[in-house]
Amino acid sequence: MSLLLFTVFKKFARDINDGTFVSLLLKPIESFITFCTFYIAINQLKYPLDVVVWHRLKPKPNITIGDFIDKIFLFLIILSVFWIILRIIDFIAHVLKYRASLTLNKADDQLIPFLKELTKTLICFMGFFVLLGFVFEINVLTLITGLGIGGIAIALAAKESLENLIGSFTIFLDKPFTVGDVVKVDGIEGTIQKVGFRSTWLTSPDKTTIVIPNRAMIDGVLENVTLRDFRRVNFHIGLTFETKAEDIKKILAAINNYLTSNPNTRDGYATFDNFGDSGLNIQVLYLVINMEHNEYVHVKEEINFKLIEIVEQYGSNFAYPTQRSITDSKNTSS
């Protein structure tokens with residue numbers, strides 16, 4: 001039956017192996033066939049207990065043992081049908097995700113998992129109401145209409161969930177980022193992995209999974225690092241007060257020449273910024289061309305080592321907080 005269903009999707013999934021389809025649908029179809037077989041077989045039986053037990057009861061109950069067993073198997077059959085539908089949705093999402101991976105556009109990589117979750121959620125709600133109507137014989141329309149104030153209370157209780165759901169739609173409409181982008185949200189940096197109903201999943205540089213509510217993603221200050229062309233580096237180094245002015249000029253010239261000739265940086269410069277409490281502060285600023293985090297860190301490391309070499313080359317040292325004790329020689333001699 002799995003292979004028979006695959007023929008329906010064969011043209012749609014021409015690039016996908018049928019083994020994936022069979023592995024997804026094998027168990028739910030087996031369950032469906034099993035439940036249907038038992039349901040048909042049990043309906044051919046007669047239940048003597050219905051006659052013996054219920055004959056003496058007055059008034060007679062509205063449901064017998066046979067009816068109860070029928071309800072159980074009807075419940076299982078409906079569950080298996082919706083299980084098959086959910087697995088078909090998984091297969092369709094698998095095919096679309098494979099096709100999206102072949103394109104350069106990352107927006108579809110982000111949209112497909114979201115639509116998959118949205119569709120499966122709607123199918124689950126539909127299955128719940130089908131079970132209420134066919135198995136428990138509840139008038140679904142009357143139930144929904146009768147929610148009234150209760151429905152409003154539930155909506156208020158789920159206010160944050162609704163805000164996060166609206167936030168997810170806002171993300172897909174505005175497209176401030178896509179899957180794979182590196183973003184900063186209120187000081188938290190990470191790579192976008194998935195945008196769900198309630199939250200967005202990020203992976204930090206130290207491989208930690210961070211989950212942020214969608215409402216916070218659109219309400220907070222969001223910086224898309226991937227959209228930047230460069231990474232800016234700005235810091236100070238302190239030279240000792242004993243460093244001569246001529247040596248400072250030579251150090252600045254050497255740093256500027258190095259930053260200008262470095263193929264990994266641009267717009268770099270060094271200036272004598274100010275007199276600090278512990279030393280003479282040199283400001284170093286440059287832009288790193290490579291946006292990959294690992295390469296960015298290695299470029300910074302290479303430049304830092306070069307700065308140490310330049311400072312030592314011209315006979316200076318790095319300043320650090322020091323204290324001097326001044327004593328009166330006259331008082332000491334007396």
Side-chain angles (χ1 to χ4, degrees), residues 1-2 4-9 12 21 24-51 53-55 57-94 96 112-166 168-169 196-198:
M1 188 172 177
S2 300
L4 181 63
L5 277 175
F6 184 74
T7 56
V8 179
F9 295 92
F12 169 73
F21 187 84
L24 285 172
L25 288 171
L26 184 60
K27 287 187 177 180
I29 289 178
E30 286 180 349
S31 301
F32 173 74
I33 295 174
T34 302
F35 295 145
C36 286
T37 303
F38 275 104
Y39 181 73
I40 295 172
I42 289 175
N43 273 305
Q44 305 304 316
L45 301 176
K46 293 183 179 180
Y47 303 95
L49 288 177
D50 289 343
V51 179
V53 175
W54 307 127
H55 179 71
L57 294 178
K58 294 181 180 180
K60 293 183 179 180
N62 295 326
I63 186 171
T64 63
I65 294 177
D67 294 333
F68 180 72
I69 295 176
D70 283 348
K71 294 290 186 183
I72 293 176
F73 277 98
L74 183 59
F75 179 85
L76 295 175
I77 289 171
I78 294 175
L79 278 184
S80 62
V81 169
F82 279 93
W83 189 9
I84 293 173
I85 296 174
L86 292 176
R87 286 300 179 89
I88 291 175
I89 294 172
D90 287 335
F91 179 73
I92 294 174
H94 174 73
L96 294 177
I112 290 170
F114 176 79
L115 291 179
K116 171 187 170 183
E117 292 184 9
L118 177 62
T119 306
K120 292 180 71 173
T121 302
L122 294 176
I123 293 297
C124 289
F125 273 111
M126 188 183 301
F128 174 72
F129 288 116
V130 169
L131 287 174
L132 290 180
F134 284 91
V135 178
F136 300 98
E137 298 181 356
I138 297 175
N139 191 326
V140 177
L141 293 177
T142 305
L143 177 64
I144 296 175
T145 307
L147 286 176
I149 298 175
I152 297 174
I154 294 173
L156 291 175
K159 179 183 176 183
E160 291 189 2
S161 298
L162 291 175
E163 289 177 348
N164 290 322
L165 179 60
I166 294 172
S168 64
F169 285 110
F197 284 148
R198 195 196 70 84

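From a predicted model like this one, the values you see are computed outputs, not experimental measurements.
- What you find for Leu86 and Cys124 is that their closest heavy atoms are CD1-SG, 4.2 Å.
- Looking at every heavy atom in both residues, Gly196 comes nearest to Ser168 through O-CB, 3.5 Å.
- Expressed to the nearest 0.5 Å, how far OG1 of Thr119 lies from CG of Leu115 amounts to 6.0 Å.
- Scanning all heavy atoms of the two residues, the minimum distance from Pro28 to Arg87 falls at CG-CG, 3.9 Å.
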Test Ile77 against Tyr39 for side-chain contact (heavy atoms from CB on, under 4.5 Å), laying out the working first.
CA-CA 9 Å; Ile77 289 171; Tyr39 181 73; 3.8 Å; yes
Run Phe82 and Val130 through side-chain contact (heavy atoms from CB on, under 4.5 Å) and show every step you take.
CA-CA 10 Å; Phe82 279 93; Val130 169; 3.9 Å; yes
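- Contact record, Lys116 with Asp90: CE-OD1, 3.0 Å, taken as the closest heavy-atom pair.
- Smallest separation of non-hydrogen atoms from Phe35 and Phe73: O-CD2, 3.9 Å.
- Atom NZ in Lys71 sits 10.5 Å away from atom CZ in Phe134 (nearest 0.5 Å).
- To the nearest 0.5 Å, atom CD of residue Glu30 and atom CD1 of residue Ile84 are 10.5 Å apart.
- Here the shortest heavy-atom pairing between Ile112 and Leu96 reads CD1-O, 3.2 Å.
- For the atom pair CH2 of Trp83 and CG of Leu25, the computed distance is 10.0 Å after rounding to the nearest 0.5 Å.
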